[in-house]
Amino acid sequence: MSKREKTVVEVEITHPDKVLFPGEKITKGQLIEYYRRVAPVMLPHVEGRPITMHRYPRGLRGTSFIQQEAPEYFPAWIRREPVEKREGGITDRVVVDRPETLVYLANQACLTIHTWLSRAGRLEFPDRLVFDLDPPEGGFSLAVFAARELRRLLTEELEMLPFVMTTGSRGLHLAIPLDGRADFDAVREFAREVAEVMVQRHPDRLTAEVRLAKRGGRLFLDTARNAYGQTAVAPYSVRAKPGAPVATPLEWKELEADLEAQKYTVNNLFAHLDRRGDPWEALRQQRFSLVVARSKLDRLRADFRPEPLFA
DNA sequence: GAAAACA
DNA sequence: TGTTTTCAACGCTAG
DNA sequence: CTAGCG
Ligand SMILES: [Mn+2]
Ligand SMILES: [Mn+2]
């Protein structure tokens with residue numbers, strides 16, 4: 001990693017008055033200003049991670065698309081990382097490593113940024129595990145319940161310290177910093193087994209069923225984010241929803257009262273940040289090993305295994 | 001949003 | 001030249 | 001392999 005100063009770059013802004021969120025009349029200029037201002041706290045979380053862009057050039061109501069590859073027409077100062085596709089071939093992916101990139105992407109009408117759970121240089125080895133808590137429509141209280149219970153399992157029984165954020169959509173994410181020694185398959189398998197313990201304990205409220213029809217009003221514990229080339233919404237990313245909600249890292253005590261998945265938006269995020277600072281600051285200094293948690297989980301599962309049935 | 005294709 | 005068309009993902013899971 | 005899903 002070079003310590004040389006990056007040269008200053010100017011980002012040309014086009015159509016700053018174009019309304020991207022018609023409900024609140026939030027313009028592209030306001031989106032750009034949001035990302036410019038949040039950059040100092042957002043950058044450390046996304047640095048080095050390949051991203052996926054969710055672009056809405058005609059605003060929230062217009063057609064959108066997901067962009068994975070860094071196009072040639074992006075300026076040369078945008079960092080690109082060559083990435084192997086699982087099924088052969090290499091593509092260049094954008095990696096955010098400076099505030100100007102966030103500004104440039106906002107000008108491209110990229111409302112939402114998703115990131116890999118690994119970073120350039122060790123793309124096969126995630127440094128973050130994400131439990132994606134997906135409640136049914138209107139079931140945010142289920143997400144709060146699941147977050148509390150999952151936190152208790154992780155801290156009291158597996159000796160890991162998870163961090164929580166609103167996704168700005170419907171649910172919550174729990175994130176755990178990893179030491180990068182386990183590959184995606186091992187991390188995902190671990191997450192899946194933790195999820196299955198949770199489902200066993202609360203079968204009426206939680207499920208690991210991918211099929212919507214089989215969830216039956218239960219919260220989906222989505223562990224498939226923990227895979228090579230897969231992504232999760234970035235902390236402090238805006239979501240493409242009315243009100244311009246923001247994926248917002250929280251302190252655990254905030255999980256108590258009047259929380260909602262879309263509580264924080266581009267219009268009130270900085271008040272939260274002024275009050276709390278970055279609640280995930282400490283995440284960046286922790287590094288949990290899967291080895292210890294693995295063996296504790298195995299014991300747990302053995303205890304929960306049903307008694308052998310006799311014919 | 002921007003490049004390519006078209007009139 | 002101005003206008004219209006085209007393009008912009010991918011990996012896991014269950015069956 | 002495909003459909004569903006995120
Ligand atoms: Mn989710
Ligand atoms: Mn999900």
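Distance check, rounded to the nearest 0.5 Å: CG of A:Leu133 to CD of A:Glu149 gives 11.5 Å.
Nucleotides C:dA8 and B:dA4 place their P atoms 13 Å apart, quoted to the nearest Å. Atom C1' of D:dG4 sits at a distance of 16 Å from the matching atom of C:dA9, rounded to the whole Å.
Put simply, the residue from A:Gln67, A:His114, A:Gln68, A:Glu69 that forms a side-chain hydrogen bond (donor to acceptor under 3.5 Å, both in side chains) with A:Thr52 is A:Gln68. Checked against A:Lys296 for a salt bridge (charged side-chain N to carboxylate O under 4.0 Å, His left out), the options A:Glu156, A:Glu159, A:Glu157 give a single hit: A:Glu159. Looking at A:Asp132, A:Thr167, A:Asp222 one by one, the single match for side-chain hydrogen bond (donor to acceptor under 3.5 Å, both in side chains) with A:His173 turns out to be A:Asp132.
Within 4.0 Å of A:Arg215, counting heavy atoms only, lie sugar-phosphate atoms of the nucleic acid but no base atom. As judged by a 4.0 angstrom heavy-atom cut-off over every strand, A:Gln230 is placed among the base-contacting residues. The residue A:Arg93 sits apart from the nucleic acid: no heavy atom pair falls under 4.0 Å. Looking at heavy-atom distances under 4.0 Å, A:Glu72 makes no contact with the nucleic acid at all. The residue A:Arg58 sits apart from the nucleic acid: no heavy atom pair falls under 4.0 Å.
If you check B:dG1, C:dA8, C:dC12 against the side chain of A:Ala109, the one that comes closest is B:dG1.
Within 3.5 Å, a donor on the side chain of A:Gln68 pairs with an acceptor on the base of C:dA9, or the reverse.
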